[in-house]
Amino acid sequence: MQVNLSGTVKFSLASMGNVPIDSGVYLIHDLRGTLYIGKSTNLQRRFEQHWYKSHNIGLNKALLQPVGPVHFSWIRHPNPMDLEKSLVTFIRPFCNQIKFKNTKE
């Protein structure tokens, strides 16, 4: 699966203004790989929510002990639900609690 990112910023409060308010799918990642994949109708707001405290306990723990720099990447998409499902199924991020069943297995 080829993924074309729309953008990437360092996961820091100073970078939040560079994240668009568009809808899409986002990935939070460090040197371990993709930690979390989610979707949002407002990527900038979701960045801020994860920055201050994620609803995901596993992601909170991973962000407290990063391996190298942490980045927030996104793919603009008007209806991100199917894209999120495909990416979570293919990448299998460490901190996603919802695992989508791969229909090809």
Side-chain angles (χ1 to χ4, degrees):
M1 170 182 254
Q2 182 176 352
V3 177
N4 295 317
L5 298 174
S6 300
T8 299
V9 295
K10 187 173 180 183
F11 191 62
S12 70
L13 198 53
S15 299
M16 185 172 61
N18 295 319
V19 178
I21 59 171
D22 300 333
S23 65
V25 173
Y26 61 92
L27 299 86
I28 299 174
H29 48 98
D30 67 10
L31 292 177
R32 291 172 284 200
T34 302
L35 302 171
Y36 186 78
I37 295 174
K39 65 183 177 311
S40 180
T41 57
N42 183 327
L43 292 163
Q44 189 178 90
R45 182 180 63 228
R46 197 70 183 112
F47 177 102
E48 182 179 24
Q49 289 168 342
H50 280 298
W51 174 257
Y52 286 109
K53 183 151 182 163
S54 176
H55 66 283
N56 183 299
I57 295 169
L59 180 58
N60 285 329
K61 289 180 182 178
L63 292 174
L64 288 172
Q65 298 181 340
V67 177
V70 178
H71 289 91
F72 184 95
S73 300
W74 63 90
I75 304 164
R76 287 184 176 102
H77 199 281
N79 186 7
M81 184 169 274
D82 288 338
L83 179 57
E84 178 200 29
K85 180 179 177 180
S86 295
L87 289 173
V88 169
T89 299
F90 183 74
I91 297 173
R92 300 189 182 277
F94 304 123
C95 300
N96 276 79
Q97 295 171 338
I98 298 173
K99 302 293 182 189
F100 297 101
K101 188 170 187 155
N102 189 342
T103 57
K104 294 180 182 180
E105 291 181 344

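Atoms considered below: every heavy atom in the structure, side chains included; atoms not considered: hydrogens, waters and symmetry mates. The structure displayed is predicted, hence computed values, not measured ones.
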Assess, by modelled atom type and distance only, whether the side chains of Ser12 and Ser15 contain a donor and an acceptor separated by less than 3.5 Å. yes
For Ser23 and Thr41, test the side chains for any donor-to-acceptor distance below 3.5 angstrom and give the result as yes or no. no
Does Trp74 form a side-chain contact (heavy atoms from CB on, under 4.5 Å) with Val25? I'd like the steps, not just the answer. CA-CA 6 Å; Trp74 63 90; Val25 173; over 6 Å; no
Looking only at heavy atoms, what is the nearest atom pair of [X] and [Y], with distance?
X: Gly38; Y: Glu84; value: CA-OE2, 3.6 Å
X: Phe11; Y: Leu63; value: CE2-CD1, 3.8 Å
X: Asn56; Y: Gly58; value: OD1-N, 3.0 Å
X: Asn42; Y: Pro20; value: OD1-O, 4.4 Å
X: Tyr26; Y: Arg46; value: OH-NE, 3.3 Å
X: Ser6; Y: Arg76; value: OG-N, 2.9 Å

Passes side-chain contact (heavy atoms from CB on, under 4.5 Å), Asn60 versus Lys53? Steps please. CA-CA 7 Å; Asn60 285 329; Lys53 183 151 182 163; 3.8 Å; yes
Quick one: sort the Tyr36 and His55 rings into parallel, tilted or perpendicular, breaks at 30° and 60°. perpendicular
With a 4.5 Å cut-off on side-chain heavy-atom distances among I, L, V, M, F, W and Y, is there a chain of contacts connecting Tyr52 to Ile21? no
[X] versus [Y]: any side-chain heavy-atom pair under 4.5 Å?
X: Ile28; Y: Thr34; value: no
X: Lys10; Y: Val70; value: no
X: Trp51; Y: Phe72; value: no

Check this for me: Leu13, atom CG, are more than 12 non-hydrogen atoms of other residues, nucleotides or ligands nearer than 6.0 Å? yes
Leu31, CG atom: more than 12 neighbouring heavy atoms under 6.0 Å: yes
If we ignore hydrogens and angles and just use 3.5 Å, is the side chain of [X] paired with the main-chain N or O of [Y] as donor and acceptor?
X: Asn96; Y: Val88; result: no
X: Asp30; Y: Pro69; result: no
X: Gln44; Y: Met16; result: yes

Begin with the C-alpha distance, continue with both residues' side-chain angles, and end with the deciding distance and a verdict on side-chain contact (heavy atoms from CB on, under 4.5 Å) for Leu5 and Leu27. CA-CA 10 Å; Leu5 298 174; Leu27 299 86; 4.1 Å; yes
